[in-house]
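These notes are about the structure you will find just below.
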Amino acid sequence: MTIVLETVRLKLHDIAHGRSGDKGNRSNISVIPYSPEAYPLLLEQVTEAKVLELFAHKGASAVKRYELPNLPALNFVIDDALEGGVNSTLNLDLHGKTLSFMLLAMPVEVPLDRVREFTDGRRS
Amino acid sequence: MTRDLVHIGCGAGFAGDRKDAGGPVVDTLAKRDGPKYLIFETLAERTLALAQKQKLKNPEKGYSPFLEAYVRPVLQRCLEHKIRIVSNFGAANPMGGARKILEIARELGCRTPRIAVVSGDDLLAVMNEGEIRAHKTIEGLPIGDGIVAANTYIGARPIAEALAGGADIVVVGRTTDPALVLGPLIHEFGWAEDDWDRLAAGTLAGHLLECGAQVTGAYFADPGFKDVPDLAHVGFPVATIGRDGAITVSKAENTGGAVTPASVMEQILYEMHDPSAYLTADVVLDITGVTVTQESENVVAVSGAKGKPRPDTLKTTVSFDGGWLGEAEISYAGPNALARAELARDVIRERCLERGSNAEYRFDIVGLSSTFDGGSAPYPGRPAPAPDGDFRVRAAVSCHSKEVAEDLADEVLSLYCSGPAGGGGFRRNITAQIHTASILVDRDRLAPSVGYCGAEI
């Protein structure tokens with residue numbers, strides 16, 4: 001008998017929040033789970049490769065993920081994400097301040113029986 | 001006893017922040033026992049170059065244009081309650097800023113404050129352009145023609161020295177933002193130059209305070225997900241730092257906003273790259289062991305910062321002429337609006353390309369996707385647009401001559417009579433651009449110094 005674990009597709013935004021900052025042509029975006037219990041899921045699903053793919057159309061060249069289990073949180077540093085950065089980009093958003101929400105639009109697969117737990121810390 | 005705790009509030013997180021934020025912070029600090037400080041952070045990378053340009057036009061100017069708006073409402077109460085003010089609103093002319101504060105004090109009828117002026121961040125005073133250009137930039141790009149300013153992040157020590165000299169107010173130009181907080185802590189606690197863990201804790205406290213309301217619920221609120229009460233009157237932060245480096249973050253009383261582990265964590269990681277090595281002039285901060293705990297409503301404790309020896313070099317921002325940015329916008333709404341907006345965009349693009357200019361252009365349709373797009377590459381995840389929506393066509397150009405920028409704006413303007421049906425709400429913006437590059441300079445080349453004006457001790 002095989003056990004099928006049912007999952008539901010949510011946006012990362014449903015289970016985590018974050019903030020973007022800039023330095024030159026680099027963007028850094030934190031990803032912080034509403035429930036610390038969701039941290040392992042973020043580790044597994046919000047990978048450097050997936051974030052690079054998400055920012056590829058902006059010309060991103062590399063992504064480094066830093067892990068902070070104490071908080072818990074992830075910190076992504078995305079090279080060449082800002083179309084030249086505040087110096088030379090023609091994007092309306094010079095600093096990439098809106099980009100945390102581009103990352104938070106990423107789909108994640110959440111086990112059905114944990115949806116309530118992982119979305120529980122919202123509104124705090 | 002009370003000397004083991006220092007209270008520091010922040011009244012502005014950038015030049016452009018709320019002008020009435022400092023009042024509740026001062027009211028809150030006034031009730032606290034022990035040393036009390038109010039900081040204003042007003043100096044983004046480009047701001048100093050703009051200030052330098054102002055100073056060239058008028059040698060009395062060149063301090064932050066927001067100085068008066070921030071200082072005037074709180075000066076009297078700060079002097080009465082021994083709340084010392086530390087700010088980088090000196091920008092390109094800290095002495096000019098100090099004189100302006102003395103003038104405000106006279107107008108208000110306050111006692112004459114003792115004002116310290118920190119100078120020595122201007123690299124152009126000690127290094128010629130050729131030598132500056134010989135440095136490799138951190139970004140890997142060359143320093144362009146027409147250097148406007150080169151200022152070094154000089155750190156917290158001169159601020160501590162200024163406070164030891166009895167200053168009521170310390171006016172600084174370029175320094176690291178956290179130094180506005182670390183300087184007072186070094187002065188109060190006598191932390192040694194190699195007391196890395198304490199210096200790291202003070203730097204983390206500074207990092208949490210320097211962006212104002214970003215730690216108390218602003219740049220954070222997300223309705224239904226992260227609800228923040230009364231964001232319209234968000235309280236600015238007040239932190240208490242112990243001699244051992246323990247930090248608690250709270251906010252001004254009788255204000256909106258929220259201080260929670262979530263708001264504090266977002267700010268800890270703001271503009272942080274490697275969390276084990278946040279480089280400053282005074283210490284290398286490691287936050288990988290930091291923990292964040294809600295102590296009571298709107299009070300969050302932060303502990304666990306570690307420090308490593310400071311770098312031998314200091315970061316310097318070099319600002320230079322960046323040509324012109326031209327932008328213009330026009331709106332289309334209602335039935336078939338998307339098709340009309342796309343036609344407008346295509347008309348402008350075609351006419352600009354016919355000019356044969358080698359300037360860089362960009363065209364957006366705001367309402368479809370814009371900030372998420374990359375140059376001409378659309379955001380792949382954008383939702384299906386409503387064809388009858390409300391759209392705004394935006395054209396932008398980066399160029400060497402102002403004429404090209406004006407020409408683009410004129411093209412968008414001409415759509416009123418020569419474009420698709422129902423175009424309205426034209427706006428234009430032509431801006432002289434300043435570009436920046438960062439270099440690392442041997443710290444021995446800078447010799448910051450402290451001068452005083454106003455009251456003698």
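Any value given below was found using the heavy atoms of this structure, including those in side chains, with hydrogens, waters and symmetry copies removed. Chain letters run A, B, ... following the sequence lines, proteins first, then strands; residues in each count from 1.
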Is chain A contacted by the side chain of B:Gln267, its backbone, both, or neither, given a heavy-atom distance below 4.5 Å?
both
Side chain proximity check, A:Lys97 to B:Tyr219, heavy atoms < 4.5 angstrom
yes
B:Ile434 versus chain A, heavy atoms under 4.5 Å apart: side chain, backbone, both or neither?
backbone
Would you say B:Arg46 and A:Val86 make side-chain contact, with heavy atoms under 4.5 Å?
yes
Is it the case that the side chains of B:Asp373 and A:His57 hold a donor-acceptor pair, with the cut-off being a distance below 3.5 Å and no angle test?
no
Region of B:Gln294 that comes under 4.5 Å of a non-hydrogen atom in chain A
neither
Can you say whether B:Pro261 sits under 4.5 Å from chain A via the side chain, the backbone, both, or neither, judging by heavy atoms?
neither
Do you know the tightest heavy-atom contact between B:Leu269 and A:Ala73?
CD1-CB, 3.7 Å
Side chain, backbone, both or neither: which part of B:Gln433 has a non-hydrogen atom closer than 4.5 Å to chain A?
side chain
For B:Val366, which atoms come within 4.5 Å of any heavy atom of chain A: side chain, backbone, both, or neither?
side chain
Among A:Leu92, A:Asp93, A:Thr119, who wins on heavy-atom pairs under 4.5 Å with chain B?
A:Leu92
Between A:Leu99 and B:Thr371, the two heavy atoms sitting closest are CD2-O, 4.3 Å
For the residue pair B:His273 and A:Asn28, what are the closest heavy atoms and their distance?
CD2-CB, 3.7 Å
Min side-chain heavy-atom separation A:Asn70-B:Val290 under 4.5 Å
no
Between atom CE of B:Met272 and atom CG of A:Leu68, what is the distance when rounded to the nearest 0.5 Å?
9.0 Å
Hey, could you give me the CZ/OG distance between A:Arg19 and B:Ser263, rounded to the nearest 0.5 Å?
7.5 Å
Let me confirm one number: the OG-OH distance from A:Ser20 to B:Tyr270, rounded to the nearest 0.5 Å.
8.0 Å
Kindly give the heavy-atom pair with the smallest separation between A:Leu90 and B:Arg362, and that separation in Å.
O-CD, 3.4 Å
Can you give me the closest heavy-atom contact between A:Asn91 and B:Ser370, atom names plus distance?
ND2-O, 3.9 Å
Side-chain touch B:Phe225/A:His17, heavy atoms, less than 4.5 angstrom:
no
Looking only at non-hydrogen atoms, find the nearest pair between A:His13 and B:Asp222 and report the distance.
NE2-OD2, 2.6 Å
